[in-house]
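The block underneath contains the structure these notes are about, expressed in structure tokens.
Predicted model, so just to flag it, every value in this text is computed and none were measured.
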Amino acid sequence: MELPTLRKPFIYWVFFSFTVFAQVSNGFYLPGSYMHTYSNGEYINAKVNSLTSIETELPFSYYSLPYCQPPGGIKKSAENLGELLMGDQIDNSPYRFRMNKNETLYLCTTAPLNEHEVKLLKQRTRDLYQVNMILDNLPVMRYTSQNGVKIQWTGYPVGYTPSDGGADYIINHLKFTVLVHEYEGRGVEIIGTGEEGLGIISEADKKKASGYEIVGFHVVPCSIKYDPEAMAKHKMYDSISSVSCPNELDKYQVIKEQERISFTYDVEFVKSDIRWPSRWDAYLKMEGSRVHWFSILNSLMVIIFLAGIVFVIFLRTVRRDLTRYEELDKEAQAQMNEELSGWKLVVGDVFREPECSKLLCVMVGDGVQILGMAGVTIVFAALGFMSPASRGMLLTGMIILYLILGIAAGYVSVRLWRIIKGTSEGWRSVSWSAACFFPGIAFVILTVLNFILWNSNSTGAIPISLYFELFFLWFCISVPLTLIGGFMGTKGEPIEYPVRTNQIPREIPARKYPSWLLVLGAGTLPFGTLFIELFFILSSIWLGRFYYVFGFLLVVLLLLIVVCAEVSVVLTYMHLCVEDWRWWWKAFYASGSVALYVFLYSINYLVFDLQSLSGPVSATLYLGYSLLMAIAIMLSTGTIGFLMSFYFVHYLFSSVKID
């Protein structure tokens with residue numbers, strides 16, 4: 001039988017696409033940067049990122065200290081939006097290696113240190129600042145031993161301060177070890193993404209593809225006192241005799257005025273069995289991983305058990321109430337309404353318009369936008385699309401998703417506005433408010449923090465040009481999409497209430513305890529699902545550790561959604577049972593109150609786990625970012641609870657026969 005003519009081009013296109021894909025998919029690496037192979041003797045240039053410290057959380061430029069500069073001058077690498085927002089500043093460096101050539105080289109000797117340079121070096125040393133170097137997109141790693149335990153760190157310290165707190169010593173000699181894996185090109189075509197963009201190695205480049213891959217980059221930092229007069233006679237990259245790291249303090253290079261510091265390094269290439277796709281495994285190993293896995297599993301089991309019990313009890317109670325109510329005739333129902341109390345008595349008030357209804361619509365819309373952004377990002381990260389090799393891509397992806405999902409925020413906000421008001425009048429104002437509410441809060445918090453960073457001359461400060469770029473993205477992408485979503489919300493099929501609302505509000509009986517206590521207490525159960533994962537996330541942000549267990553984070557997110565929905569529904573049912581018909585905001589904050597516990601936990605983490613964090617500036621930055629995170633969590637979790645409670649209330653009163 002002949003195929004329809006419309007289907008032929010499609011089948012041809014599928015066949016052609018499959019053929020092309022088969023030709024290029026022999027070696028497909030996802031994710032990661034484009035694999036680069038080097039031939040013997042080929043030059044490899046290292047890069048330097050911002051200086052960072054877990055004590056101050058204020059990044060500074062590498063060249064803010066009197067280090068040697070590259071021969072061709074300082075050149076900044078292209079950075080994406082996420083890298084700029086995280087305070088990364090990647091520059092070229094004078095450190096260069098030749099593949100498989102072990103050598104010890106001289107870099108430079110500084111001019112005599114002045115008072116400002118000495119003060120800066122001492123301050124950076126005592127604040128435990130780390131130099132972050134990158135080779136072939138791999139961060140440099142060093143190993144230390146503490147109480148017999150081997151600990152790995154990324155970066156190396158600016159200097160060393162003895163425990164007696166005397167003189168400070170600068171790190172001026174670096175012993176690099178580069179792990180390489182021999183690669184033989186076999187006509188394999190490789191497609192990859194990363195900081196170098198899309199790349200393909202085809203059969204035509206077989207000779208170029210054959211060579212060595214860099215699969216590891218380690219360093220041992222040393223402080224060595226040189227004779228500056230003798231060292232200054234050398235030129236940059238001159239070979240010098242091999243040196244060993246001294247153990248005596250009097251052989252260290254002290255930091256003091258009028259001292260000239262000579263910088264040197266040596267490099268050793270070691271062949272390794274590690275393959276290129278596995279080279280990030282060493283960075284992603286987490287200390288105490290067994291505790292992490294068992295703690296998360298235990299948390300999941302407990303929360304599932306508790307949520308199951310609550311849900312079963314609630315389901316049986318509501319079903320029994322509905323069954324008893326529907327089995328009665330009309331006269332018996334009327335008599336029951338007079339004799340009994342409960343959710344059946346608020347039938348004429350349950351859908352009464354809440355206070356600040358516009359604000360509720362805006363917050364729910366923004367919550368949908370934030371929740372969608374977080375969900376899609378975590379799913380993509382769990383599937384392996386967010387590689388640590390692509391710095392800043394996680395944050396860049398989140399911002400792009402947030403901008404695009406403005407259409408969802410506008411749609412949900414206006415749709416809820418129509419349900420509450422019964423008309424589309426005023427939808428433009430609601431859409432504009434949804435587009436400005438959370439971005440406005442974020443803008444205020446980030447601006448205050450940015451002034452603090454500007455005052456500290458930190459590279460973490462957002463440049464003015466980036467402010468305009470973010471404003472342009474928000475105004476030209478997010479706002480129009482939010483307005484489009486709002487317009488779509490006016491055209492959606494209206495949701496009508498199943499019961500009529502009385503003109504006179506029903507009096508709410510007095511209660512022994514305020515309802516807000518119950519609302520605040522409800523947030524403890526959702527908090528129990530995420531507090532362990534929250535510890536690892538905070539550690540990755542503030543202690544410079546890699547976080548890459550997005551599979552667990554996805555499970556925690558799904559469990560959090562279920563628990564937030566159940567807690568909010570149960571609390572809404574409890575309020576209706578005591579004839580409290582003002583459930584709208586309480587349903588939102590029942591699950592949204594988890595943000596309060598997240599913020600309190602962040603303060604606890606600052607006091608007990610970030611004891612090294614010093615100074616009011618660092619504490620202010622930490623609390624500012626924690627507050628922004630807590631607001632985002634409140635909007636997203638509150639939205640989950642509210643939407644589920646609205647569906648429950650609508651379903652509950654649709655099931656009751658009312659004249």
Side-chain angles (χ1 to χ4, degrees), residues 354-375 377-378 398 401-402 405-406 408-409 412-413 416 433-446 448-449 515-531 533-534 537-538 541 553 556-572 582-606 622-646:
E355 297 179 354
C356 303
S357 56
K358 181 179 177 180
L359 179 60
L360 178 64
C361 296
V362 169
M363 291 176 72
V364 171
D366 280 6
V368 169
Q369 187 176 10
I370 295 170
L371 184 64
M373 173 198 70
T377 302
I378 293 173
M398 290 175 67
L401 282 171
Y402 182 83
L405 288 172
V412 173
S413 298
L416 184 58
S433 300
C436 299
F437 181 73
F438 181 72
I441 294 174
F443 178 80
V444 170
I445 294 176
L446 292 178
V448 172
L449 298 181
S515 59
W516 60 266
L517 282 177
L518 195 60
V519 171
L520 288 180
T524 56
L525 193 58
F527 178 72
T529 67
L530 57 82
F531 81 96
E533 204 66 30
L534 187 62
I537 294 173
L538 291 176
I541 294 173
L553 188 59
V556 170
L557 176 64
L558 296 175
L559 191 60
L560 178 67
I561 292 173
V562 173
V563 174
C564 285
E566 290 180 346
V567 164
S568 186
V569 166
V570 170
L571 208 71
T572 299
R582 295 175 301 185
W583 60 271
W584 301 77
W585 281 106
K586 291 170 184 175
F588 185 91
Y589 284 116
S591 54
S593 61
V594 66
L596 174 64
Y597 298 99
V598 169
F599 187 69
L600 292 177
Y601 182 81
S602 300
I603 296 175
N604 173 80
Y605 186 85
L606 171 64
Y622 175 85
L623 292 175
Y625 289 125
S626 298
L627 178 61
L628 184 61
M629 177 181 67
I631 293 173
I633 291 175
M634 179 198 69
L635 292 174
S636 54
T637 55
T639 296
I640 296 168
F642 173 80
L643 293 178
M644 192 63 194
S645 292
F646 181 83

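Qualifying side-chain hydrogen bond (donor to acceptor under 3.5 Å, both in side chains) partners for Ser626, counting only residues two or more places apart in sequence or in other chains: none. Residues satisfying the ring-ring contact (aromatic ring centres under 6.0 Å, His included) test with Tyr589, not counting sequence neighbours, are Trp585. Take Phe437 and apply the ring-ring contact (aromatic ring centres under 6.0 Å, His included) test, not counting sequence neighbours, and it matches no residue.
Looking only at distances, no side-chain donor or acceptor of Ser568 sits under 3.5 Å from a matching main-chain atom of Ala590. Distance alone, capped at 3.5 Å, places no donor-acceptor pair between the Gln369 side chain and the Ala408 backbone. Here the side chain of Ser636 pairs no donor or acceptor atom with the backbone of Ile370 at under 3.5 angstrom.
Residues Met634 and Met363 meet the side-chain proximity criterion, which asks for heavy atoms closer than 4.5 Å. The shortest side-chain heavy-atom distance between Val594 and Val567 does not fall under the 4.5 Å cut-off. The shortest distance between side-chain heavy atoms of Lys586 and Leu571 does not fall below 4.5 Å. Using a 4.5 Å heavy-atom threshold, the side chains of Ser602 and Met629 count as touching. Between Ile603 and Tyr622 the shortest side-chain heavy-atom distance does not fall below 4.5 Å. Under the 4.5 Å side-chain criterion, counting only non-hydrogen atoms from C-beta, Tyr625 is not in contact with Ile541. Side chains of Leu643 and Val368 form a contact here, defined as non-hydrogen atoms less than 4.5 Å apart. A heavy-atom distance below 4.5 Å is not found between the side chains of Pro526 and Leu530.
Taking the six-membered ring where the residue is Trp, Phe646 and Trp584 present tilted rings, their angle falling between 30° and 60°.
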